[in-house]
Asks: 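Can you read through this structure? Questions will come right after.
Side-chain atoms are counted along with the backbone in the values below, which use heavy atoms only and exclude waters and symmetry mates. Letters go in sequence order (proteins before strands), and every chain restarts at 1.
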Amino acid sequence: MPELPEVEHVVRALRRVIVRRRILAAEIRLPKLVPPEGKAAFNRKIKGCRIIGVRRRGKFILIDLDRARMLSHGRAARTRQGSGSVLIVHLRMTGKFRYLTVDEELPRYAHVVFYLDNNRRLVFCDQRQFGVMKLVPYSRLGLTKGIHELAPEPFSDDFSLNYLKDVLTRSQRSLKTLLLDQTKVLGLGNIYASEALFRAHINPFKIAATLSAKRVGLLHQAIREVLSDALSDGSALRVNLEHPEGFSYGEAFEDIWQVYDREGEPCARCSAKIKRETHGGRSTYWCPRCQRA
DNA sequence: ACCCTCACCTGCACGC
DNA sequence: TGCGTGCAGGTGAGGG
């Protein structure tokens, strides 16, 4: 389910409950989640670690861990580099976290259970088993495959108009495909890629390199707008780690989609019927009139 | 270097 | 009711 805004909401929810907790043990119920060293090695490494922070990079969740016995403010920076490690989690399509008391029954598809030092359990669930979990030394995070190739964060200065111009100019792919490439543009998924192109009045099948400078500007703005709209409290996914689903939807959430999942409905701008086309197994939604070119 | 297709899983909504 | 099909908010390996 998650694109960048949803991952950010999960990160914030996790931060509220697990920071400063110590992990007493990890129970791996789906062994393929921690290859190749296996369950025992993973558990040995993570046992006793203190959770000192939760961050996001693209759609990855980064849980910072520290082995040090005592964590004081003054020492945090040093220990972080010395003995720290990072638990990297990607939710892919159906990954979810739950935060449970000891009494609550494990949900279906509970693949990893972290036992915390406050009588709670942090559970990673994933129906489709696409989710990925990896433990790396803090010092190697930036070199980790999947992380180091990522494009700049969409709200950072590095994701500039010139950056986007440069990326688009050098690509012969369709804009929709390019927007899904996390090494080129970070954070969009299948929903927000369609939404950003709609907002910018640009045809999803247009070849990236052929976009005019002016329209690159519109797209750049649209990318940031769809993401920040989805991040704002009024219109986003409500993450509730104690809810049976791990989240619930704000009532306005799906209403903010202008084209996604609206095949056949009238376009909000011009009333033409929204179209859908699949290629590469993924649906693209667009308005054939106001996204003509 | 780029770009495409398929593979990875389970479940659900749909039509016959 | 049952079964087949297509689809699901993501990526990575492997091939051309």
Asks: Is it the case that more than 12 heavy atoms not belonging to A:R269 sit under 6.0 Å from its CZ atom?
Replies: yes
Asks: Examine C:dT11: is either OP1 or OP2 under 4.0 Å from a nitrogen or oxygen in the side chain of A:K59? Give yes or no.
Replies: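 For A:K59, the contact criterion (side-chain N or O under 4.0 Å from OP1 or OP2 of C:dT11) is met.
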Asks: To the nearest Å, give me how far apart OH (A:Y192) and C1' (C:dG10) are.
Replies: 15 Å
Asks: Select one nucleotide: of C:dG10, B:dC2, C:dA8, the one nearest the side-chain heavy atoms of A:E3.
Replies: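 Among C:dG10, B:dC2, C:dA8, the one nearest the side chain of A:E3 is C:dG10.
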Asks: Figure out the NZ/C1' separation between A:K184 and B:dC4, and round it to whole Å.
Replies: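 Result: 14 Å.
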Asks: Rounded to the nearest angstrom, tell me the gap between atom CZ in A:R92 and atom P in B:dA7.
Replies: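 A:R92 atom CZ is separated from B:dA7 atom P by 16 Å.
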Asks: So, is A:K145 near the phosphate of C:dA13, with a side-chain N or O under 4.0 Å from OP1 or OP2?
Replies: yes
Asks: Which one, C:dA8, C:dG12, B:dC2, comes nearest to the side chain of A:F60?
Replies: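 The answer is C:dG12.
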Asks: Does B:dC9 pair with anything, Watson-Crick or G-U wobble, both distances under 3.5 Å, and if so, with which nucleotide?
Replies: none
Asks: Nearest of C:dA8, B:dC8, B:dC3 to any side-chain atom of A:R173?
Replies: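 Looking only at heavy atoms from C-beta outward on A:R173, the closest nucleotide is B:dC3.
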Asks: Which nucleotide in the list C:dC7, C:dA13, C:dT11 gets nearest to the side chain of A:H90?
Replies: C:dT11
Asks: Under a 3.5 Å threshold, yes or no: a donor from one side chain and an acceptor from the other, between A:Y99 and A:E104?
Replies: no
Asks: Indicate the ring-plane relationship of A:H220 and A:F159, choosing parallel, tilted or perpendicular according to the 30° and 60° boundaries.
Replies: parallel
Asks: Over how many whole Å does the gap from A:L4 atom CG to C:dG10 atom P extend?
Replies: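 Whole-Å distance recorded here is 11 Å.
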Asks: Could you label the plane-to-plane angle of the A:F114 and A:F42 rings as parallel, tilted or perpendicular, counting under 30° as parallel and over 60° as perpendicular?
Replies: tilted
Asks: Side chains of A:T210 and A:K206: donor-acceptor distance under 3.5 Å anywhere?
Replies: yes
Asks: If I pick the P atom on C:dG14 and the same atom on B:dC9, what distance separates them, to the nearest angstrom?
Replies: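 These two P atoms come out 15 Å apart once rounded.
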Asks: Is it the case that A:N162 and A:S160 place a side-chain donor and acceptor less than 3.5 Å from each other?
Replies: no
Asks: If you only use heavy atoms from C-beta on, which nucleotide in B:dT10, C:dG12, C:dC7 is closest to the side chain of A:Q127?
Replies: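 Of the options given, the side chain of A:Q127 lies nearest B:dT10.
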Asks: From the options B:dC4, C:dT11, C:dA13, select the nucleotide whose nearest atom is closest to the side chain of A:Q182.
Replies: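 Between B:dC4, C:dT11, C:dA13, the one nearest the side chain of A:Q182 would be C:dT11.
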Asks: A:R128 CZ to C:dG10 P: how many Å, rounded?
Replies: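 For the pair A:R128 CZ and C:dG10 P, the rounded distance is 10 Å.
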Asks: Which of the following nucleotides, C:dC7, C:dG12, B:dC3, is nearest to the side chain of A:Q172?
Replies: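 The nucleotide sitting nearest to the side chain is B:dC3.
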Asks: For A:L179 and C:dG10, give me the distance from atom CG to atom P, rounded to whole Å.
Replies: 12 Å
Asks: Would you say B:dC4 has OP1 or OP2 under 4.0 Å from some side-chain N or O of A:T177?
Replies: no
Asks: Could you give the CG-to-C1' distance, from A:L180 to B:dC3, as a whole number of Å?
Replies: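 Nearest whole value for this atom pair: 14 Å.
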Asks: Would you indicate, yes or no, if C:dA8 has its OP1 or OP2 atom less than 4.0 angstrom from a side-chain nitrogen or oxygen of A:S283?
Replies: yes
Asks: Indicate, with a heavy-atom threshold strictly under 4.0 Å, whether A:G281 touches base, sugar-phosphate, or nothing.
Replies: sugar-phosphate
Asks: Of the nucleotides C:dG10, C:dA8, B:dC2, which one has an atom closest to the side chain of A:R282?
Replies: C:dG10
Asks: Rounded to whole angstrom units, what separation is found between the CD1 atom of A:I88 and the P atom of C:dG12?
Replies: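 Taking CD1 of A:I88 and P of C:dG12, I get 11 Å after rounding.
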Asks: With DNA chain B as reference, determine whether A:Q129 or A:G280 sits nearer its 5' end, using the nearest nucleotide of each.
Replies: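 In this pair, the answer is A:G280.
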Asks: Establish, with yes or no, whether the OP1 or OP2 oxygen of B:dG11 is under 4.0 angstrom from a side-chain nitrogen or oxygen of A:Y109.
Replies: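 Affirmative; the distance criterion is met.
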Asks: Is the ring centre of A:F130 under 5.5 Å from the base ring centre of B:dC8, and are the two planes under 30° apart, so that they stack?
Replies: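 Check passed, A:F130 stacks on base of B:dC8.
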Asks: Would you say the side-chain atoms of A:T94 and A:R128 include a donor-acceptor pair closer than 3.5 Å?
Replies: no
Asks: Side chain of A:K32: nearest nucleotide among C:dG10, B:dC9, B:dG11?
Replies: B:dC9
